[in-house]
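The model shown is predicted, which means the values in this text are computed figures rather than measured ones.
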Amino acid sequence: MMQNSRIYPVNGKAMKRLLIQTAVLTASTAMLTSCFDEIKQVIAGEPAPAEQAEKTEQEAPPAPTQPTNEEITRMMVEQMTGCEAANAGELSCSAPQVNPDSSVSMNATLKMEVKEDLYAKETAPAAFNKEREAVNEAANTAMKPESIYLFQVGATTELITDADRAAKSLPEHLQAPLNELKELADSSVYRKVVSAGDPVETSASFTAVYVDGVWQFSNIVVNNAALLALNEYTAQSALPQDASVLTPEFEEARKTLIREKVAAFNQLAEPYIKGREEAARATLTEHQARAEEEARRVTEQAAAQEAARQESINAFVQALADDKLFAGEWTRDKRFGELSLHIEQAKRFDNSVQFIGTIYDTKLEEASLDIAGRCDLTPREDGTTQVDITIYDGQYDPDQPTAEVYDAKDGMLSLKLSKDGKLTGIMSCTSWANTPEKAFQINLSPKAKEEPRGRRRR
């Protein structure tokens, strides 16, 4: 049930008096409360607030004089990022040196332990290659140049070619096992260099300061060279699946395997080497057969050439025999005339025929000139031979152009004699060497023998 209430107006003095009374009443209440709390604490056996604050201040623990081993260890491990091969172990520290700024300087040594076995990658032991050397004799013999095998079966040096002197490549069925042997002897191996649990020592120098209940580290210098060196090795868990780990058992097994492979190679190479010897013998036989054939061919060719040469020589000799007659023409520019050449006497020498005779105008036999000639009996490539003739004194028709030659003291004929007995060339003078256009072109053919005619020699 609601009651009616009324609001009465209050003047200023009354309001001020009311506020003062309220303040006094509040302060009194607070004081009584405080006193009551202290009485309760006394009854409960607790110290008064002032006494408790003083006691708390007296019982606050002092600041530590140096970091704990755990803190130092944690700091050093954090500095060794990338060195995961070992775990942290026992820590030993020097006495802290207090600095003017209340920081401390210290040295610490942390002994660590390697987590697992570590291995170094190395070349195979020399003993492996020593075992492999047993294959060299067969391999080298199989690769010898063909010339060696040819000499073995009796070939002479003139049968050897540059190709025979080159080393022979191994066939695939021998090269593959030889490569396998090389791999067994030369492949890398892993040797254990550090065992799990081996100690590794690291050290550090640093400065530490205690701020807000936490040690802060600075000027840290870590010496972890021994730990870093472990990174050069391969941990056991990181070894390749087919890694060759060097142990006495492994060495002996590998040497045994190499011996077996060497024996297999030698056995495989033996028929190949014998086959090369047989092939060389067959090659030599073929060489000898070809050489004999070539020698026979050369002999036959030489005989044929000699026969042809002798045939040519005989033809030349017969063409220039005693009382042989040649007739034909001379030409120079657009002028021409007849000419005859008569051999009165010829004489055969080893490589030549020398003769004497006359040349004359065929239509005027009485006008003739004495000649002496020589025929070289060495046939040329074109089947002809050289005939040189010297012209001496005699009678001739002064109205003919040939008189220019006959008048001169150095008249001559330079002719070629063919197997069919024809004489072709020029009639000129030695002094006309620089004016070859003055020479007369001569073409003479054998003519049937005529009755001997008298002539007057001068």
In Å and rounded to the nearest 0.5 Å, what is the [atom1] to [atom2] distance from [X] to [Y]?
{"X": "Thr141", "Y": "Lys168", "atom1": "OG1", "atom2": "NZ", "answer": "15.0 Å"}
{"X": "Leu184", "Y": "Lys182", "atom1": "CG", "atom2": "NZ", "answer": "11.5 Å"}
{"X": "Ser418", "Y": "Asp382", "atom1": "OG", "atom2": "CG", "answer": "9.5 Å"}
{"X": "Asn231", "Y": "Cys83", "atom1": "CG", "atom2": "SG", "answer": "5.5 Å"}
{"X": "Met112", "Y": "Leu227", "atom1": "CE", "atom2": "CG", "answer": "5.5 Å"}
{"X": "Gln152", "Y": "Ser147", "atom1": "CD", "atom2": "OG", "answer": "10.0 Å"}

Hey, are the side chains of [X] and [Y] touching, using non-hydrogen atoms and a 4.5 Å cut-off?
{"X": "Tyr406", "Y": "Met427", "answer": "yes"}
{"X": "Arg132", "Y": "Asp186", "answer": "yes"}
{"X": "Phe316", "Y": "Val387", "answer": "no"}
{"X": "Asp370", "Y": "Ile356", "answer": "no"}
{"X": "Ile389", "Y": "Phe355", "answer": "yes"}
{"X": "Phe265", "Y": "Val262", "answer": "no"}
{"X": "Leu91", "Y": "Lys111", "answer": "no"}
{"X": "Met412", "Y": "Ser428", "answer": "yes"}

Between Phe326 and Leu339, is the side chain to side chain contact (heavy atoms under 4.5 Å, CB included) condition met? List the steps. CA-CA 8 Å; Phe326 297 86; Leu339 185 68; over 6 Å; no
Nearest heavy atoms of [X] and [Y], plus distance in Å:
{"X": "Pro379", "Y": "Ser312", "result": "CG-CB, 4.0 Å"}
{"X": "Asp164", "Y": "Leu159", "result": "OD2-O, 3.8 Å"}
{"X": "Leu110", "Y": "Ala88", "result": "CD2-CB, 4.1 Å"}
{"X": "Gln79", "Y": "Val222", "result": "CB-CG2, 3.7 Å"}
{"X": "Gly383", "Y": "Lys419", "result": "O-CG, 3.7 Å"}
{"X": "Ala124", "Y": "Val189", "result": "CA-CG2, 4.3 Å"}

Does the pair Lys274/Glu270 count as a salt bridge with the N-to-O cut at 4.0 Å? yes
Is any NZ, NE, NH1 or NH2 atom of the basic residue among Glu251 and Arg254 found under 4.0 Å from an Asp or Glu carboxylate oxygen of the other? no
What verdict does the side chain to side chain contact (heavy atoms under 4.5 Å, CB included) test give for Tyr119 and Lys121, after you've listed the backbone C-alpha separation in whole Å, the side-chain angles of each residue and the deciding distance to 0.1 Å? CA-CA 7 Å; Tyr119 294 82; Lys121 190 175 184 179; over 6 Å; no
Does [X], at its [atom1] atom, have more than 12 non-hydrogen atoms belonging to other residues, nucleotides or ligands within less than 6.0 Å?
{"X": "Gln267", "atom1": "CD", "value": "no"}
{"X": "Gln288", "atom1": "CD", "value": "yes"}
{"X": "Glu71", "atom1": "CD", "value": "yes"}
{"X": "Phe250", "atom1": "CZ", "value": "yes"}
{"X": "Lys422", "atom1": "NZ", "value": "no"}
{"X": "Glu252", "atom1": "CD", "value": "yes"}

Quick check: does any side chain N or O of [X] sit under 3.5 Å from a backbone N or O of [Y], one acting as donor and the other as acceptor?
{"X": "Ser195", "Y": "Asp198", "result": "no"}
{"X": "Ser103", "Y": "Asn99", "result": "no"}
{"X": "Asn219", "Y": "Thr207", "result": "no"}
{"X": "Asn443", "Y": "Thr424", "result": "no"}
{"X": "Glu116", "Y": "Ser237", "result": "yes"}
{"X": "Thr234", "Y": "Ala238", "result": "no"}
{"X": "Arg259", "Y": "Glu131", "result": "no"}

Which is it for Arg309 and Glu306 under the salt bridge (Lys or Arg N to Asp or Glu O under 4.0 Å) test, yes or no, and what are the steps along the way? CA-CA 5 Å; Arg309 191 179 77 86; Glu306 180 60 21; 3.1 Å; yes
Check against side-chain hydrogen bond (donor to acceptor under 3.5 Å, both in side chains), Ser340 and Thr362: CA-CA 5 Å; Ser340 293; Thr362 304; 2.7 Å; yes
Let's go through Ile72 and Trp215 carefully: what are the C-alpha distance in whole Å and the side-chain angles of both, what is the deciding distance for side chain to side chain contact (heavy atoms under 4.5 Å, CB included) to 0.1 Å, and is it a yes or a no? CA-CA 10 Å; Ile72 296 173; Trp215 283 100; over 6 Å; no
Side chains of Asn107 and Ser203 only: does a donor on one sit below 3.5 Å from an acceptor on the other? no
Side chains of Asn129 and Glu133 only: does a donor on one sit below 3.5 Å from an acceptor on the other? no
Assess the residue pair Ser414 and Gln386 against the criterion (side-chain hydrogen bond (donor to acceptor under 3.5 Å, both in side chains)); give the C-alpha distance rounded to whole Å, side-chain angles, the decisive distance to 0.1 Å, and a yes or no. CA-CA 8 Å; Ser414 179; Gln386 182 67 27; 3.0 Å; yes
Candidate list Gln441, Glu437, Glu404, test side-chain hydrogen bond (donor to acceptor under 3.5 Å, both in side chains), partner Arg332, passing option: Glu404
Give the intermediate values and the outcome of side chain to side chain contact (heavy atoms under 4.5 Å, CB included) for residues Leu413 and Phe440. CA-CA 9 Å; Leu413 290 92; Phe440 293 84; over 6 Å; no
By ring-ring contact (aromatic ring centres under 6.0 Å, His included) - contacts of Phe128 (at least two apart): none
Would you please test Glu146 and Arg276 for salt bridge (Lys or Arg N to Asp or Glu O under 4.0 Å) and show each step? CA-CA 8 Å; Glu146 195 69 22; Arg276 288 201 62 191; 3.0 Å; yes
